[in-house]
Amino acid sequence: MSTQKAPSIAVRGVGKSYSGVTVLHDIDLDIAPGEVHGLVGENGAGKSTLLKILGGAIKADAGTLSFDGEQVSIGSPRDAIGHGISLISQEGALVPALSVLDNVFLARWSHRGGLVSARADRKRLTGLLETTGFSVDPDVRVDTLPIGVQQQVEILRALARGARVIAMDEPTAVLAEHEKENLLALIRRLAASGTTIILVSHFLEEVLSVADRITVLRDGALIRTGPAAETSPRALVGHMVGREIDVLYPDPRPVPDGSPVVLAARGLRRGLVDGVDLEVRSGEILGIAGLVGSGRTETLRLLFGADRPTAGVVEVDGVALTSNTPRAAMAAGVAMVPESRKEQGLVMQRSVAENVALSSLSGRRSGPFVKRPAEKTAVGEISKSVDIRAANPESPIETLSGGNQQKALFAKWLLRDPKVLLIDEPTRGVDVAAKTQIHHLITGLAADGMAVVCVSSEIEELLALSHRVLVLRHGRPVGEYPRGTTPEVVVAAAFGDHSQGETS
Amino acid sequence: MSVDTTPQAPATPSPAAANNMSRLAFRMRDYGIVAALVIIVIALSLSTDTFLTSGNLVNLLDQTAVLGLLATGATICIISGVFDLTASATLALSAIVGVQVGRVTDVYVGFAAAVLAGALLGFITGTVVVRSGVNSFVGTLATSLVYRGLAVMVTGGAIVYPLTQYAESFGVLTWPSLFGLTSATIMFVVVVAVLAVIVSRTTFGRRLYAVGGNAEAARLSGIRVGSIHVTAFMISGVCSALAGLILASRAGSAQSTMATGMELTAIAAAVVGGTSILGGEGAVWRAIVGALLLTLIGNGFNLLGWDTIYQQVLQGLLILFAVTMDRWLRKRTR
Amino acid sequence: MSVDTTPQAPATPSPAAANNMSRLAFRMRDYGIVAALVIIVIALSLSTDTFLTSGNLVNLLDQTAVLGLLATGATICIISGVFDLTASATLALSAIVGVQVGRVTDVYVGFAAAVLAGALLGFITGTVVVRSGVNSFVGTLATSLVYRGLAVMVTGGAIVYPLTQYAESFGVLTWPSLFGLTSATIMFVVVVAVLAVIVSRTTFGRRLYAVGGNAEAARLSGIRVGSIHVTAFMISGVCSALAGLILASRAGSAQSTMATGMELTAIAAAVVGGTSILGGEGAVWRAIVGALLLTLIGNGFNLLGWDTIYQQVLQGLLILFAVTMDRWLRKRTR
Amino acid sequence: SNPNKDDAAGGAATAAPADKKLSIGFFGFAKANSFAQATWAGVQEYANANNAEATFLDSNFDGPTQVNQLQDAVTSKRYDVVIVQANDGTAMVNPVKQAVAAGITVVVEFTPVGGKYDTIEPQVPGTVNIIDPPTVNGDGLAKMALEGCKTVTDGACKVAYFQGFANYPLDTARTEAAIKALKAGGAAEVISNFVGGYTPDSGRGAMQNLLQAHPDVNVVIGSSQALQGATPLAAGKKITFVGNGGSTQAYDFVAKGTWFGTYAMPEKAQGAKAAELGIKKARGETVPEATDACSTLTDYACLGTKDKLAGKTADYSD
Ligand SMILES: Nc1ncnc2c1ncn2[C@@H]1O[C@H](COP(=O)(O)OP(=O)(O)OP(=O)(O)O)[C@@H](O)[C@H]1O
Ligand SMILES: Nc1ncnc2c1ncn2[C@@H]1O[C@H](COP(=O)(O)OP(=O)(O)OP(=O)(O)O)[C@@H](O)[C@H]1O
Ligand SMILES: [Mg+2]
Ligand SMILES: [Mg+2]
């Protein structure tokens, strides 16, 4: 990729605080050229903050950075890019109305005398697509793409800049299993060709498999840096949370015999979704698997009435929904944790408390007024039970770390105490400990009789949580597998290869 | 008027001292524009001996009433993510309706009819914007042309008056009342206080912010985005109608060109107060601060008797000063 | 003027037929407002025999020139995510500068001075907005007060004229020229065509869209968001200055109240054309379509001889029709 | 009941001694307006010559601003006499009442305060009027246009009337009066659906469209500014114009014969007269409550045709 050799990076005494709250403290870190450096830690540990400082997105309050022993000042993203550092940020940094092509080469367009040469860019993109194995239509607006594909666009952009250092903030969080593998392979190839990679991820196995060394952050402090070969997931978790915890998947309680069907859908169709039938019983967790773009998200949205199906019915407790709107679904006891917390889930500039309370406002009012003490109690309790770490529930939710935002989104829907919970990517961007908490939460809810439909690109998680897994391909169910099926079988089905498995 | 939700004690008992510090900074930051207002008030009190007289303060509030009402309506719409450029046309049309209905019935019935007309026009504006799916800026712009046109058609381009026997009681809003304030001021304060409570304390208020902050997230949370917008337009319509009644009551008549262009001054007041035009943020008290600031600057110049040739320049600079100060206080503590 | 980037053949050889179909729908969808314009043109051609005469078309373009230039400036600012409410004040101030400089030098030097003044004022506006960090809506509103005030101070509130010996050549922009079009029209077409190419084809144009679409993403990509905004304001300033020269050339003089309020008509034209006020979308040709549509409606009414009392209502309804049609065509094919 | 009413009566001004320097506030349309500047020149000249000092309060054509300015002037007690050139005659009623109540001498100049456009009588008790009612203005324009018809056609005369602002009550009243008088006076056709506005540019647009729709028009009436933009388009055609306003440009067009006439108010004289009325009243002299500006200040009732304007110079320019 790069012609210049990647530099060695030395971070010394870097610190950062927001309105008096320290989020990074005295960080010393050395990264060797061509190294893959893993960065792990709980939600809110300060990983993104550190990356943003390296990428020039924010300025550190204290400390210095040097490249190849030479101290540099990075005051802006321009400076960082100038030094060959490219940041793929957690929140995503695409320009919605521009095409894939324009986003990949953002501010680096090929041009002749100022006139953009789309042809040259197209050629460059074709090359990049070949190296990465991604496939994206260069001409569509990026905001029409699923987030998985958007993530690929961001990766392509970092590569297009020929960066010598690429800092990736949870790049795999939104990718499906096989895409993750692709990306990890890509990272290895890049490292082999001399690019330095800093990788933030909550998938410890993944970090262990690809990183040369791993740094653990906790509460803004650097706990330890060491070779990946000398540690284990268990040890890492220990460092991250400061105590031993159990990160095994909980087993869902078996669905009681004769448990009634709560949610049923027949012949759902719209756009990509081409005839989905499903049934979920009380106490059951139905997993939906599939490749990116297989229509999993679309299906959940149709179940919730977020989009109006062109054909088919959704029934709750045997009664068809009165209309295909979120309101009707909610009235019938359905809740949905959407895929993208930024676009569909949260009102970013409002407070944590307001966001959590939003979908259940009517439950706590006297006349037109919000019962504020009741709200405070309810929000406080639910926040505790999903473990939202916010300094202040009144601060804007955009100041929370990604994982904590996800937990707030979860809390918002649990406050409604729904009968049916539809979850799209339940643990996207959530740290290991919290992930386990969410898994326990989901199985616990099912054990209490809730019907759960869960979409996850993390196949292990999906198989561990679900009583049953439905595989979608091109918007159509292509198989249903009972608990205990191996990941290989499900992935094969998702790819359209049925030879390995049996439909139950 | 009431002030926005004060943050309560933290739910998590974490680092308390740092927390309180940041809480204080957080509050300060939100009141930068108030500080700017206070600075200007102090400057005026020191440099004139007429500014801090009760007579002038009564005037000041009276002068703020119309703009304050419109700015409140504008703020509520902006919080919910829409602009209402029909405000001044709605003002004219409802005032005309008020006068005309008053002619055949009674002044107070006329007033009530004007308010109803304002609500109805707001409902129509909202429905047009929501149904057509057109951006509210251009949707309400077109609608405002229609309303102004209707006002011309209803009046035939002339001025309409209450019947002579009602002419005096029609001026009721200009009469002095409680604490020597004019009735218009009293009405303004009461209406704005009620709206401030609605916006900051009710479930509707919460929904307003959610819709303006992220309409899709709000919709997926079961909020009827369309009806929240329609309601915001209706509130704005009522505010416009009340402002129209104040103007009509002062003039003793109504006409189709009333308050032309004032919808923009209202939006300006809202934004000067610190409400973000991007939606999802802002507060009713900010509308009032913005309206007061704009009125104050004019009032100050008049009292100081400075050459009007420099007024505009200084006015512009003062507004820039106020909003920049607000902005910097906010940024520093971010 | 040039039309937006046409999508090239897809790089991925995927389902080609479906792709072409959707590409076609995609185009249709983008030109809803043009369709609305065409419908109105056809209606006017059928209902009057004067509309489709070359004389009237020459007039129409001449009448569109000023609004078209301002709308282009407004569109470029809006694409980049800012509003320029100084447009009409900049227009007045630069026209005045043009006349005054012309008095001591020569008409054409004066014209050049006006354009320079427009660029300079745009630079100042942009710098004020970027540096203060204030929302552009209120920042430019305040700045426009300052500019208008300066215009009053410069002229002492009087009208300024070119020297008598230059009076005739000062009217140059009203003279007929190529194809019988006025010089003002020619200038308008050339400037707008150049700007359309800049916006749709250059890297600067791309940066403009990127900054307006997601300023943070643009910043993270190393784009100097501030200087893009300043440049947008400068372009808008130049457009205003040119519009001001046309108006001054027609009037044979300049004064501080020129074109008051026209910045809003310009924004309206931009938005009617289909540029989103949220930024990051839009095109120069849309500004022209919007300006043409608004001018056309006025022109049509005059030719039809309808009573002015119904004009506003019908104007509002026609604009609503046009933008709603545009909107629905877009939605259907999404 | 209305408590305002009582103090309204109590505000009868006490006469100021002749040696007291009086302070005059002139509430004009806008500083950036040459018409208002002409008024101002008259006011200032008379004031300076008669032991008074005048100030121009610039409302910049904004109705509400002017209301606040007058209200604040009453508070600050800065002026003994105010001369009001109202942007919005109805909105000014209340502050004018307050000023009268506070014992300030109020002179209403050029446009009426109050909503009646067909009378010179004061509409707020206690004020002094020197105005040119819009209906009188409209009648005058029609009268000149009908005269003008004879210079361009022997047959039926087609007259176009460019409105000022579309459907502003003041404009409406003037337009209606003019149309009525034109029809009564025998104009064959009256075209009144064109808005010419108050700038050369808007006048130019209106004229372009007019010539498209009615190439056979004989006489065009409009504001002097609008006609300035319209006139060049009629070059070589048998069309004459009647302007509304006595600017230098209008005088020139009339003198050259391009226009048949213009409604020419000697505005500086009107300003001086207003100042005279105000100062005299404040010093306790009796002055007429209502003065018709045109018939008092000119011997040709503002109907400025070529012979009437010969040798006269305009007070302001457009
Ligand atoms: N703009 C901001 N204002 C205030 N606090 C902030 C801001 N940005 C981040 N924080 C706080 O800084 C801390 C560290 O956040 P950061 O995003 O670096 O965490 P993270 O390790 O990336 O977490 P996650 O795994 O959830 O993404 C968190 O407590 C967060 O709430
Ligand atoms: N590579 C791609 N390029 C362009 N569009 C794609 C691509 N993959 C999927 N899509 C679009 O994504 C939409 C369906 O995605 P949907 O979100 O339902 O799938 P998903 O399986 O949930 O994927 P994700 O894991 O990204 O959420 C369809 O509109 C489809 O056309
Ligand atoms: Mg993070
Ligand atoms: Mg999905």
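Letters go in sequence order (proteins before strands), and every chain restarts at 1.
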Trainee: Take B/Thr140 and B/Phe233, measure what side chain to side chain contact (heavy atoms under 4.5 Å, CB included) needs, and give me the verdict at the end.
Mentor: CA-CA 10 Å; B/Thr140 58; B/Phe233 279 114; 3.7 Å; yes

Trainee: Which of residues 76-86 of chain B have a heavy atom under 4.5 Å from any heavy atom of chain A?
Mentor: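 Hits under 4.5 Å: none found.
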
Trainee: Taking side chain as everything from C-beta outward and backbone as N, CA, C, O, which of these in A/Glu375 sits under 4.5 Å from a heavy atom of chain B? Side chain, backbone, both or neither.
Mentor: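 For A/Glu375, the contact with chain B is made by the side chain alone.
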
Trainee: Go through A/Pro338, A/Ser359, A/Ala353 and name the one with the most non-hydrogen pairs under 4.5 angstrom from chain B.
Mentor: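 Going by pairs under 4.5 Å, I would pick A/Ser359.
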
Trainee: Please name all residues satisfying side-chain contact (heavy atoms from CB on, under 4.5 Å) with A/Asp417, sequence neighbours left out, ordered by chain then number.
Mentor: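 Not a single residue meets the side-chain contact (heavy atoms from CB on, under 4.5 Å) criterion with A/Asp417.
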
Trainee: Run the salt bridge (charged side-chain N to carboxylate O under 4.0 Å, His left out) test against A/Asp307 and tell me which residues pass, sequence neighbours left out.
Mentor: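 A/Asp307: salt bridge (charged side-chain N to carboxylate O under 4.0 Å, His left out) contacts with A/Arg301.
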
Trainee: What heavy-atom pair brings A/Leu24 and A/Gly46 nearest, and what distance separates the two atoms?
Mentor: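 That would be CD2-O, 3.7 Å.
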
Trainee: When only pairs under 4.5 Å are counted, which of A/Glu343, A/Met336, A/Arg416 shares the most heavy-atom pairs with chain B?
Mentor: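 Heavy-atom pair counts peak at A/Glu343.
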
Trainee: Would A/Asn43 and A/Ser401 count as having a side-chain donor-acceptor pair, cut-off 3.5 Å?
Mentor: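 Note: A/Asn43 and A/Ser401 side chains miss the donor-acceptor criterion.
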
Trainee: Would you please go through residues 213-229 of chain B and name the residues with a non-hydrogen atom below 4.5 Å from one of chain A, in numerical order?
Mentor: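 Residues of residues 213-229 of chain B touching chain A at under 4.5 Å: B/Gly213, B/Asn214, B/Glu216, B/Ala217, B/Arg219, B/Leu220, B/Ser221, B/Gly222, B/Ile223, B/Arg224.
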
Trainee: Minimum heavy-atom separation for A/Pro326 and A/Ala306, please, with both atom names.
Mentor: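 Looking at all heavy atoms of both residues, the closest pair is CG-CA, 4.2 Å.
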
Trainee: Where on A/Lys342 is there a heavy atom nearer than 4.5 Å to chain B: the side chain, the backbone, both, or neither?
Mentor: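 Answer is backbone: N, CA, C or O of A/Lys342 sit under 4.5 Å from chain B.
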
Trainee: How far does CG of B/Leu195 sit from OG1 of B/Thr202, to the nearest 0.5 angstrom?
Mentor: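 B/Leu195 atom CG to B/Thr202 atom OG1 measures 10.0 Å (nearest 0.5 Å).
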
Trainee: Looking at every heavy atom in both A/Ala265 and A/Leu303, which two are closest together, and how far apart are they?
Mentor: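 Minimum heavy-atom separation between A/Ala265 and A/Leu303: CB-CD2, 3.6 Å.
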
Trainee: Starting from the C-alpha separation in whole Å, work towards a yes-or-no answer on side chain to side chain contact (heavy atoms under 4.5 Å, CB included) for B/Phe111 and B/Val115.
Mentor: CA-CA 6 Å; B/Phe111 281 14; B/Val115 174; 5.8 Å; no

Trainee: Which value, rounded to the nearest 0.5 Å, describes the distance between B/Arg206 atom CZ and A/Arg350 atom CZ?
Mentor: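 Going from CZ on B/Arg206 over to CZ on A/Arg350, the span is 8.5 Å.
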
Trainee: What part of A/Ser362 gets within 4.5 angstrom of chain B, counting heavy atoms only: side chain, backbone, both, or neither?
Mentor: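 For A/Ser362, heavy atoms of backbone and side chain both lie under 4.5 Å from chain B.
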
Trainee: How far does CD1 of A/Ile382 sit from CG of A/Leu414, to the nearest 0.5 angstrom?
Mentor: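 Interatomic distance, A/Ile382 CD1 to A/Leu414 CG, rounded to 0.5 Å: 5.0 Å.
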
Trainee: Of all heavy-atom pairs between A/Asn404 and A/Arg389, which one has the smallest distance, and what is that distance?
Mentor: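 What the structure gives for the nearest pair is OD1-N, 2.9 Å.
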
Trainee: So which heavy atom on A/Pro309 is nearest to which on A/Asn324, and how close?
Mentor: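 That would be CD-CG, 3.5 Å.
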
Trainee: Among A/Leu346, A/Val370, A/Thr399, who wins on heavy-atom pairs under 4.5 Å with chain B?
Mentor: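 That would be A/Val370.
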
Trainee: Heavy-atom cut-off 4.5 Å, strictly under: side chain, backbone, both or neither for A/Met348 against chain B?
Mentor: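 For A/Met348, neither part sits under 4.5 Å from chain B.
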
Trainee: Mind ranking B/Leu278, B/Val211, B/Thr203 by heavy-atom pairs under 4.5 Å with chain A and telling me who comes out on top?
Mentor: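 Maximum pair count with chain A is reached by B/Thr203.
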
